[in-house]
Asker: 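Quick one: the structure is below, and I'll ask about it shortly.
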Amino acid sequence: MNLEQILRAAVEQSFTALYGQCPDNLQIQPTNQEFEGSHTLVCFPLTKISRKGPEETARLIGDHLVLNSVIVNRFNVVKGFLNLVLNDSVWLSVFTSILKNKSFGRLPRNDNEIMVEYSSPNTNKPLHLGHLRNNFLGYSVSQIYDAIGYKVHKVQIINDRGIHICKSMAAWELYGHGETPESSGIKGDHLVGKYYVLFNTHFTREVAALLQTGLTEKEAEKQSPIMQRAVTLLIQWEQADATVLKLWKTMNGWVYHGFNATYKRMGVDFEKLYYESETYLLGKEEVLRGVENGTFFKKDDGSVWVDLTTDGLDQKVLLRSDGTSVYMTQDIGTAILRFRDFPKITGQIYTVGNEQEYHFKVLFLILKKLGFEWASRCYHLSYGMVDLPTGRMKSREGTVVDADDLMQEMVEEAEKQTRELGKIEGWADAETIPLFEMIGLGALKFFLLKVDPKKKMLFDPNESIQLQGFTGPFIQYTHARIRAIVRKAAQMGVQTNRDFTGIVTALEPAERECLQVICQYESKLLEAAREYSPAVIANYVYELAKSYNKFYQNIPIFNESDPAKLSFRVAFSTIVADTIRNAMSILGIAVPDKM
RNA sequence: GGUCCGAUAGCUCAACUGGAUAGAGCAUCAGAUUUCUAAUCUGAGGGUUCGGGGUUCGAUUCCCUGUCGGAUCACCA
């Protein structure tokens, strides 16, 4: 039982003793800074049962608690708010139990399994800033569920087939001169992306030329030789033409190789990859089954549709008139396949941008209509676009921020700043290189995760790497400072592994305050899981770091003459550092011991 | 036009299922401390929570309505 549960039980007992019954949704919240106390009971809702005014109700409960409960020391009443001051002995025993609990911050394993999909890029160009938010979010949500005891399956769907990859293939065939990642020294995904861009340049040029000859825009686009080549490639691919398949495999292979390097630097991973080329046929089967049992219908031209007008949505195409599948078709197949592969999962989380909200609404509805009861347990973790101070990212205008470039710039900036501060002089490269990586990526991840996922956000690279304020590096530094204290204490031979109940009699206000923040960690994890929001954790860990800084500022640890208090404060610092490290690992961010 | 989402300090963001005088950081100004890592701490100024109604002990939060911004409504993915 944690502190809040103990307190809740005590209040329930008192209220029941006074009035014979007690509502089960007692509102206990942290006390505002300006009042004395740590926990506050909101008494307005209780007046219906107590049949007294809010203030009197609060006073009576407070009196009863002080007399009958061992944990409440004193109280004060402001309007209908009952502010409770707990005994320091309670705080100390809570502290000791956290200190001894090796798995603090990780809830016990349970039988739940959940699947998280994230990343899921197209294979025709490298990852960009938007993918960074996607990956960090998906990874972090996986970590959150892992921490509350779930078994998590991280997956992604790779859109490896379709016209987009054929465009890169066409351009490479025509203008590539056999260029490979090895021959050019260009990372595979960037190389394929280069030909995708090249396709568009030539396509635009060809269309412009054809327009001169008097064709309409539509005709010109159709007759463009490079576009015709791409379409041919797509048809040949579907016919399993050996040479086309070989080229397709080769170029996709380059992309995967490049992506893997990017994922590795990001610090994300996957248990299983699904490929569109392997799931779209199952989707097609299911759609045809749906036609047979009347869930879907066929139009005269042979295309298959679902009618969702009674659900307030539109009609949606599921198979083209030529029988080929669309995006929705393969998503149906993928979802079914996943629940077959992992029958124990209680649900599935799709980390995909908010521009696809409609798509997922339709997808889940279709799955429900097909009779899959798990459809209601699919959740679209939707997130907003990432803007830059320089303006919006537009692939057409070439203002897309490449993920690899950005990570590299962040790390370089981290190095520059750290060197300027001069604290790492004389360090070996083996120490500094991982440190720059930690700071640069920590800054990036923290900044992208601290904002509520569903909101669109502004990414300011310069602000993100600052060592002051609501940033990753600030928290990393706080952690490093605490570690320095703990190291020094260890050199002095201070013992920290002990029970402080009864040895230490009183707490400083800053200690009590900080301890209170630590106690909130597990409930924050649950809240983060409920909301699918790493931002909850980011806000929390920032609050914790600030809270410790106040403590650190007010209490000179090594000036303490009482050895019990000295070891208590060092142990206390250890717990804060551990909690910071735990919370940051939920965000996928490493924290250094020295910086 | 239909649907969904957003709007909070100069800027970037918080505010737990409706709770106290709406909070942080940055920026501005004024101080402390020169250490156990100052990459710190304290204080000040800065608000009609987009406008207008409603629900109640109490609304940034819920309902209605208007304004603005974004997304989406493809035989694209």
Side-chain angles (χ1 to χ4, degrees), chain A residues 25 27 29-35 40 42-45 47 53-54 78-81 83 120-122 124 159 161-164 276 299 301-305 312-314 316-328 330-331 353-359 361-362 382 384-385 387 389 392 417-418 421 423 447 450-452 454-460 462-464 466-471 473-474 476-478 480-489 520 523-524 526-527 530-531 535-536 538-540 542-543 546 549-550 552-559 569-570 573 594-595:
Chain A
N25 57 338
Q27 289 184 50
Q29 53 187 341
T31 303
N32 268 21
Q33 288 293 334
E34 56 209 293
F35 304 113
T40 294
V42 184
C43 295
F44 297 99
T47 54
V78 181
K79 296 188 200 167
F81 298 93
N83 302 322
S120 303
N122 288 336
N124 63 332
N159 302 304
R161 59 157 227 123
I163 191 72
H164 57 273
E276 185 189 339
K299 283 193 179 172
D301 61 3
S303 56
V304 175
W305 295 74
L313 303 172
D314 301 308
K316 193 87 187 170
V317 69
L318 299 177
L319 285 178
R320 295 192 188 96
S321 49
D322 62 5
T324 56
S325 65
V326 293
Y327 181 43
M328 188 65 75
Q330 64 95 1
D331 260 2
N354 62 7
E355 69 274 9
Q356 293 196 34
E357 267 167 17
Y358 186 76
H359 171 79
K361 202 182 264 183
V362 172
S382 166
M385 200 135 21
D387 286 336
R392 269 189 65 176
Q417 272 197 29
T418 311
L421 284 162
K423 293 197 181 183
F447 204 92
K450 73 177 185 176
V451 181
D452 183 352
K454 68 169 178 277
K455 290 191 179 177
K456 72 173 195 270
M457 66 171 295
L458 189 76
F459 174 65
D460 186 338
N462 180 46
E463 188 185 330
S464 77
Q466 292 304 314
L467 299 137
Q468 296 185 24
F470 189 7
T471 67
F474 167 75
Q476 288 172 321
Y477 178 64
T478 303
R481 259 169 46 223
I482 300 174
R483 285 288 169 224
I485 291 168
V486 175
R487 274 196 301 274
K488 179 170 175 179
Q520 290 166 4
S523 70
K524 288 286 175 184
L526 290 169
E527 188 189 333
R530 201 172 53 236
E531 314 260 325
V536 171
N539 279 283
Y540 170 78
Y542 175 57
E543 198 186 325
K546 270 201 307 183
N549 276 331
K550 273 185 205 168
Y552 170 85
Q553 183 71 22
N554 295 330
I555 301 170
I557 295 173
F558 292 106
N559 291 0
R569 280 173 190 160
V570 174
S573 299
K594 279 165 66 181
M595 69 185 275

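Naming: A, B, ... by sequence-line order, numbering from 1 per chain. Keep in mind that the numbers below use all heavy atoms, side chains included, and drop hydrogens, waters and symmetry copies.
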Asker: Could you give the distance separating B:C4 and B:U42 at their C1' atoms, to the nearest angstrom?
Answerer: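 The same atom, C1', in both gives a distance of 46 Å.
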Asker: Which one is paired to B:G45, where only Watson-Crick or G-U wobble pairs with both distances under 3.5 angstrom count?
Answerer: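 Here B:G45 is not engaged in any pair, so there is no nucleotide opposite it.
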Asker: Considering every strand and a 4.0 Å limit on heavy-atom distances, what is the contact class for A:A489: base, sugar-phosphate, or nothing?
Answerer: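 No contact.
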Asker: Scan every strand shown for a Watson-Crick or G-U wobble partner of B:G1, both distances under 3.5 Å, and answer none if you come up empty.
Answerer: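 Partner of B:G1: B:C73.
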Asker: Which of these nucleotides, B:C36, B:G69, B:C16, is closest to any side-chain atom of A:F558?
Answerer: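 That would be B:C36.
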Asker: Find the partner of B:U21: check Watson-Crick (N1-N3 plus N6-O4 or O6-N4) and G-U wobble (N1-O2, O6-N3) distances, both under 3.5 Å, and reply none if neither fits.
Answerer: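 Partner of B:U21: none.
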Asker: NA contact type, A:P45, heavy-atom cut-off 4.0 Å: base, sugar-phosphate, or nothing?
Answerer: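 Base, at least one base atom sits under 4.0 Å.
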Asker: With a non-hydrogen cut-off below 4.0 angstrom, is A:V317 in contact with a base, only sugar-phosphate, or nothing?
Answerer: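 Result for A:V317 = sugar-phosphate.
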Asker: Whole-Å distance between B:C73 P and A:E355 CD?
Answerer: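 So the CD-P distance, A:E355 to B:C73, works out to 10 Å.
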Asker: Between B:A30 and B:G54, how far is it from one C1' atom to the other, in whole Å?
Answerer: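 That atom pair is separated by 46 Å.
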Asker: Which heavy atom in A:T471 sits nearest to a heavy atom in A:E463, and how many Å separate them?
Answerer: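 Shortest heavy-atom separation between A:T471 and A:E463 comes out as CG2-O, 3.5 Å.
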Asker: Distance check, P atoms only: B:G23 and B:C16, in whole angstrom units.
Answerer: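 Rounded to whole Å, the distance is 13 Å.
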Asker: Using whole Å, report how far CD of A:E527 lies from P of B:U17.
Answerer: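 Distance, rounded to whole Å: 7 Å.
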Asker: To the nearest Å, how far apart are A:R487 CZ and B:U37 C1'?
Answerer: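 Going from CZ in A:R487 over to C1' in B:U37 covers 9 Å.
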Asker: Going by atom types alone, do A:S325 and A:R161 pair a side-chain donor with an acceptor below 3.5 Å?
Answerer: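 There is such a pair (donor and acceptor under 3.5 Å, judged by atom type) between the side chains of A:S325 and A:R161.
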Asker: Name the closest nucleotide to the A:V78 side chain, picking from B:U37, B:A20, B:A77.
Answerer: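 Side chain of A:V78 sits closest to B:A20.
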Asker: Nearest of B:U72, B:A77, B:U40 to any side-chain atom of A:Q468?
Answerer: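 Given the options B:U72, B:A77, B:U40, the side chain of A:Q468 is closest to B:U40.
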Asker: Considering only B:A20, B:C41, B:C16, which nucleotide approaches the side chain of A:P30 most closely?
Answerer: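 Output: B:C16.
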Asker: Is the NZ or CZ atom of A:K299 both under 6.0 Å from the centre of the six-membered ring of A:W305 and within 45° of that ring's axis?
Answerer: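 Pair A:K299/A:W305 counts as cation-pi.
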Asker: Which one, B:A20, B:C36, B:A74, comes nearest to the side chain of A:F81?
Answerer: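 Of all the options, the side chain of A:F81 is nearest to B:A20.
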Asker: Roughly how many Å is it from CG in A:N354 to C1' in B:G69, rounded to a whole number?
Answerer: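 It works out to 13 Å between those atoms.
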Asker: Distance only, no hydrogens: is a donor on one side chain within 3.5 Å (strictly under) of an acceptor on the other, for A:Q468 and A:Y477?
Answerer: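 Result is no, nothing qualifies.
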Asker: Which of these nucleotides, B:G19, B:C36, B:A24, is closest to any side-chain atom of A:K546?
Answerer: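 Of B:G19, B:C36, B:A24, B:A24 is nearest to the side chain of A:K546.
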Asker: Taking the six-membered ring of A:Y552 (Phe, Tyr or Trp), confirm whether the NZ or CZ of A:K550 is under 6.0 Å from its centre and within 45° of its axis.
Answerer: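 Verdict for A:Y552: no cation-pi partner in A:K550.
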Asker: Can you see if the side chain of A:R320 gets near the phosphate of B:C76 - specifically, an N or O under 4.0 Å from OP1 or OP2?
Answerer: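 For B:C76, OP1 or OP2 has a side-chain N or O of A:R320 closer than 4.0 Å.
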Asker: B:G23 C1' sits how many Å from A:E543 CD, rounded?
Answerer: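 Distance check: A:E543 CD to B:G23 C1' gives 10 Å.
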Asker: Going from CD1 on A:I485 to OG on A:S573, what distance comes out if it is rounded to the nearest 0.5 angstrom?
Answerer: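 Answer rounded to 0.5 Å: 5.0 Å.
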Asker: Contact class for A:F470 vs. all strands (heavy atom < 4.0 Å): base, sugar-phosphate, or nothing?
Answerer: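 Counting heavy atoms under 4.0 Å across all strands, the contact made by A:F470 is with sugar-phosphate only.
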Asker: Return the value, rounded to whole Å, for the distance between atom NZ of A:K361 and atom C1' of B:U72.
Answerer: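 These atoms are roughly 10 Å apart.
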Asker: B:G10 and B:G66: how far apart are their C1' atoms, nearest whole angstrom?
Answerer: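 One C1' to the other, the span is 27 Å.
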Asker: Any strand is fair game: report the nucleotide pairing with B:A32 by Watson-Crick or G-U wobble, both distances under 3.5 Å, or none.
Answerer: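 Paired with B:U40.
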Asker: Could you pick out which residue, A:F459 or A:I557, lies toward the 5' side of RNA chain B when each is mapped onto its nearest nucleotide?
Answerer: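 Comparing both residues, the 5'-ward one is A:F459.
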Asker: When you check the gap from the basic side-chain N to the acidic O, do A:K454 and A:D452 get nearer than 4.0 Å?
Answerer: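 Salt bridge: yes.
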Asker: May I have the distance from A:Q520 (atom CD) to B:A15 (atom P), rounded to whole angstrom?
Answerer: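 From A:Q520 CD to B:A15 P: 14 Å.
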Asker: What do you reckon, are the aromatic ring centroids of A:F44 and A:F81 less than 6.0 Å apart?
Answerer: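 That pair passes the under 6.0 Å test.
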Asker: For B:C62 versus B:G18, give the span between their P atoms, rounded off to a whole number of Å.
Answerer: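 It works out to 9 Å between them.
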Asker: So what does A:Y552 hit on the nucleic acid, given a heavy-atom distance under 4.0 Å: a base, only sugar-phosphate, or nothing?
Answerer: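 Here A:Y552 touches the bases of the nucleic acid.
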Asker: Any side-chain N or O of A:Q356 less than 4.0 Å from the OP1 or OP2 oxygen of B:A77?
Answerer: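 Answer no for this pair, as no side-chain N or O of A:Q356 is under 4.0 Å from OP1 or OP2.
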Asker: Compare side-chain N and O positions of A:Q417 against OP1 and OP2 of B:A39 and report whether any pair is under 4.0 Å apart.
Answerer: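 No.
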Asker: What pairs of nitrogen or oxygen atoms, one from the protein and one from nucleotides 7-12 of chain B, lie under 3.5 Å apart?
Answerer:
{"residue": "B:A7", "atom": "OP1", "partner": "A:K455", "partner atom": "NZ", "Å": "3.1"}

Asker: Who does B:U8 pair with, Watson-Crick or G-U, both distances under 3.5 Å?
Answerer: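 Across all strands, not a single nucleotide pairs with B:U8.
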Asker: Using a cut-off of less than 4.0 Å, is there contact between a side-chain N or O of A:N122 and OP1 or OP2 of B:A77?
Answerer: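 No, no such contact exists.
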Asker: I'd like to check A:S382 versus A:E357 (side-chain heavy atoms, cut-off strictly below 4.5 Å). Are they in contact?
Answerer: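 In short, these two side chains touch, coming nearer than 4.5 Å.
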Asker: If we take the P atom in both B:G25 and B:C41, what is their distance in whole Å?
Answerer: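 Comparing P positions in B:G25 and B:C41 gives a spacing of 8 Å.
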Asker: Assign each of A:Y327 and A:Y542 to its nearest nucleotide of RNA chain B by heavy atoms, then name whichever residue's nucleotide is nearer the 5' end.
Answerer: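 Its nucleotide being nearer the 5' end, the pick is A:Y542.
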Asker: Which nucleotide in the set B:U42, B:C36, B:A39 lies at the smallest distance from any side-chain heavy atom of A:I485?
Answerer: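 Minimum distance to the A:I485 side chain belongs to B:C36.
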Asker: Tell which nucleotide pairs with B:U56, taking only Watson-Crick or G-U wobble pairs whose two distances are both under 3.5 angstrom.
Answerer: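 B:U56 is paired with nothing.
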Asker: When you measure from the side chain of A:Q29, which nucleotide among B:C16, B:U42, B:U40 comes out closest?
Answerer: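 Closest nucleotide to the A:Q29 side chain: B:C16.
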Asker: How close do A:V570 and A:I557 get, counting heavy atoms only, and between which atoms?
Answerer: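 For A:V570 and A:I557, the tightest heavy-atom pair comes out as CG2-CG2, 4.2 Å.
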Asker: Quick one: the side chain of A:T40 and the base of B:A20, do they pair up donor-acceptor inside 3.5 Å?
Answerer: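 Between B:A20 and A:T40, which were checked side chain against base, a qualifying N/O pair under 3.5 Å is present.
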Asker: Roughly how many Å apart are B:A9 and B:A15, using the P atom of each and rounding to a whole number?
Answerer: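 Those two atoms are separated by 15 Å.
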Asker: With heavy atoms under 4.0 Å as the rule, sort A:D452 into base, sugar-phosphate or nothing.
Answerer: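 Contact class for A:D452: sugar-phosphate only.
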Asker: Under 5.5 Å centre to centre and under 30° between planes: does that hold for A:F35 and the six-membered base ring of B:A20?
Answerer: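 Given the distance and angle limits, yes, they stack.
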Asker: Let's test your reading of the model: under 3.5 Å, does the base of B:A77 pair with the side chain of A:D331 as donor and acceptor?
Answerer: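 A donor-acceptor contact between them is absent.
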Asker: According to the Watson-Crick and G-U wobble definitions, with both distances under 3.5 Å, which nucleotide is paired to B:C16?
Answerer: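 Pairing partner: none.
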Asker: Syn or anti for B:C36, given that syn means the glycosidic angle lies within 90° of 0?
Answerer: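 B:C36: syn.
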Asker: Quote, to the nearest angstrom, the C1' distance that separates B:A24 from B:A14.
Answerer: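 Those two atoms are separated by 7 Å.
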Asker: If you check the A:F44 side chain, which of B:C5, B:A77, B:G19 turns out closest?
Answerer: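 My answer, after comparing the listed nucleotides, is B:G19.
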Asker: In whole angstroms, how far is the C1' atom of B:C36 from the NZ atom of A:K550?
Answerer: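 These atoms are roughly 20 Å apart.
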Asker: When the ring planes of A:Y542 and A:F470 are compared, do they come out parallel, tilted or perpendicular, using 30° and 60° as the limits?
Answerer: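 Plane angle under 30°, so parallel.
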Asker: Does A:K79 put a side-chain nitrogen or oxygen below 4.0 Å from OP1 or OP2 of B:G19?
Answerer: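 It does not, given that no N or O in the side chain of A:K79 lies less than 4.0 Å from OP1 or OP2 of B:G19.
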Asker: Does A:Y477 make a side-chain donor-acceptor contact with the base of B:U37, cut-off 3.5 Å?
Answerer: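 Yes, the side chain and the base share a sub-3.5 Å donor-acceptor pair.
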Asker: Taking atom types as modelled, find out whether A:N159 and A:H164 have a side-chain donor-acceptor pair closer than 3.5 angstrom.
Answerer: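 No, no side-chain donor-acceptor contact under 3.5 Å.
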